[in-house]
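Just so we're on the same page: letters track the sequence lines, and every chain starts at 1.
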Amino acid sequence: MAAWKSDFLNVLAERGFIHQGTNLQGLDARAAKETLTGYIGFDATARSLHVGSLIQIMMLYWLQQTGHRPIALMGGGTTKVGDPTGKDHQRAMLTDAEIDANIASIKGVFEKFLRFGAGPKDAIMTNNDEWLSKLGYVEFLRDYGTHFTINRMLTFDSVKLRLERESPMTFLEFNYMLMQAYDFHELYNRCGCLLQMGGSDQWGNIVNGVELCRRKDGVEAFGLTTPLLTTASGKKMGKTEAGAVWLNADLFSPYDYWQFWRNTEDADVAVMLARFTVLPIEEVNRLAALGGSEINEAKKILANEATALLHGRDAASEAAETARRTFEEGAAAEGLPTFIASMESLKAGLSVFAPLLETALIASNGEGRRHIKAGALRVNDAPMTEERPLSDADLVDGVIKLSIGKKKHALVKAG
RNA sequence: GGAGGGGUGGGAGAGUGGCUAAAUCCAGCAGACUGUAAAUCUGCCCGCUUCGGCGUACGGUGGUUCGAAUCCACCCCCCUCCA
């Protein structure tokens with residue numbers, strides 16, 4: 001008894017991707033009878049996307065899996081302007097070179113989730129800088145400015161919030177929503193794109209695009225948003241002790257990524273399995289029903305599946321094995337962050353802080369000293385209560401295992 | 001251009017001459033309890049340190065003072081109203 005006629009909406013609905021849509025029935029009808037093209041825009045403000053964007057990537061994934069064509073739109077042009085949504089302050093300007101470098105660095109992630117190519121259902125990646133930077137100011141104002149009223153724009157949350165907080169919003173940022181609306185219109189004309197998806201905070205921007213398509217092109221385009229990602233305890237998802245959970249492996253290792261999922265709160269496991277793995281929904285429901293400490297098995301599966309999607313099955317297995325040896329056997333497992341120390345430096349006495357800093361377990365010597373005072377630092381699982389240098393006598397089978405707390409571990413190897 | 005208000009640590013937000021590395025809250029880290037969970041309780045939360053201290057820090061630059069986030073001058077930026 002599927003609620004929708006199209007596979008696309010059925011999958012999204014049962015996996016919890018749908019927050020609101022402009023005309024879900026209409027979208028459903030079209031998705032059921034033809035191949036749709038849909039897009040999501042991604043900002044290029046950092047070298048990597050982080051898990052906060054993963055829900056959007058998964059939407060593109062399912063769009064393709066259910067027989068449609070996804071477009072990953074890189075916001076090269078819009079990033080120059082800066083999306084004011086959810087920001088209290090104007091953000092720092094990025095140079096063109098920085099934006100280009102960010103896009104180049106971000107791109108790879110999509111290839112893990114989407115099948116690109118030239119076929120009718122192959123994913124497309126494009127960059128809105130391609131058309132936005134060519135727009136002439138006067139032409140743009142005449143052709144598009146007439147379709148937007150200030151009255152309306154002032155009612156959008158992104159604008160309203162700034163005004164209420166008396167936080168400045170520049171005209172530049174104010175134009176962001178026009179540019180995003182223009183993107184939709186442009187993508188419709190380029191490749192018949194009729195669907196824009198995004199986070200619930202993008203609703204206003206998306207609706208603008210839908211309306212622009214109706215006014216300029218006389219077509220009904222569709223908008224679809226995902227729920228805001230928060231954990232059951234109300235925190236924003238995607239921040240860990242070390243900062244953001246990046247998708248690029250060079251910024252956040254597959255092991256850390258695996259750990260991130262492994263540490264999901266109990267109450268979130270079901271939702272995370274549905275959204276961030278591609279396990280059949282029956283399996284998701286079965287795992288989600290596990291109670292008490294059995295839920296840990298579900299968390300491991302979540303970690304395995306989510307990591308496999310992004311970094312590949314091998315990396316996921318490796319991370320799982322490292323975690324198993326580290327946490328279940330308490331061993332010094334391969335795969336943990338490793339610091340190579342020369343034998344001479346060990347014999348001479350190596351500051352414990354050097355490897356801890358290098359492996360990012362601590363941010364400063366002072367933090368390391370505090371951890372020692374708090375009894376949080378362990379060398380080969382024995383607490384270090386007084387600061388002392390590491391020496392070759394600490395080597396166990398050629399390795400020293402350093403731990404901060406229960407979760408952060410690193411190895412020192414002689415080499 | 002004029003008048004008034006404001007710029008403080010990751011965020012919010014106190015502080016109006018020394019007791020201030022700067023209240024409080026949020027976020028973060030660690031310890032205890034556990035299940036690598038949540039909740040709770042406890043400690044920490046600028047850097048360096050031979051643990052005695054030292055160095056930076058309250059928009060910027062100068063100044064007053066034994067001593068300034070706090071007072072003065074100039075500059076930069078933001079908000080509100082007026083032109």
State plainly whether the residues [X] and [Y] are in salt-bridge range, i.e. N to O under 4.0 Å.
X	Y	result
A/E344	A/K347	no
A/E186	A/R190	yes
A/E297	A/K300	yes
A/E305	A/R313	yes

Within the structure, does a side-chain N or O atom of [X] lie under 4.0 Å from either OP1 or OP2 of [N]?
X	N	answer
A/R325	B/U36	no
A/R369	B/C51	no
A/N365	B/U49	yes
A/K406	B/C29	no
A/R370	B/G47	yes

[N] and [M]: how far apart are their [atom1] atoms, nearest whole angstrom?
N	M	atom1	answer
B/G5	B/G15	P	16 Å
B/A27	B/G59	C1'	25 Å
B/C26	B/C75	C1'	35 Å
B/A22	B/G13	C1'	13 Å
B/G55	B/A73	C1'	29 Å
B/C19	B/U36	P	47 Å

Side chain of A/R262 - closest among B/U36, B/C29, B/G35
B/U36
With RNA chain B as reference, determine whether A/G405 or A/E387 sits nearer its 5' end, using the nearest nucleotide of each.
A/G405
Which comes earlier along RNA chain B counting from the 5' end, the contact point of A/F353 or that of A/E367, where each point is its nearest nucleotide?
A/E367
Please determine, for B/C51, whether a Watson-Crick or G-U wobble partner exists with both distances under 3.5 Å, and give it or none.
none
Could you identify the nucleotide paired to B/A39, looking across every strand shown and requiring Watson-Crick or G-U wobble geometry with both distances under 3.5 Å?
none
Can you find a donor-acceptor N/O pair under 3.5 angstrom joining the side chain of A/D266 to the base of B/G35?
yes
Donor-acceptor pair under 3.5 Å: do we get one between A/Q259's side chain and the base of B/U36?
yes
Rounded to the nearest angstrom, tell me the gap between atom [atom1] in [X] and atom [atom2] in [N].
X	N	atom1	atom2	answer
A/K299	B/U36	NZ	C1'	8 Å
A/W261	B/G35	CH2	C1'	20 Å
A/I404	B/C44	CD1	C1'	13 Å

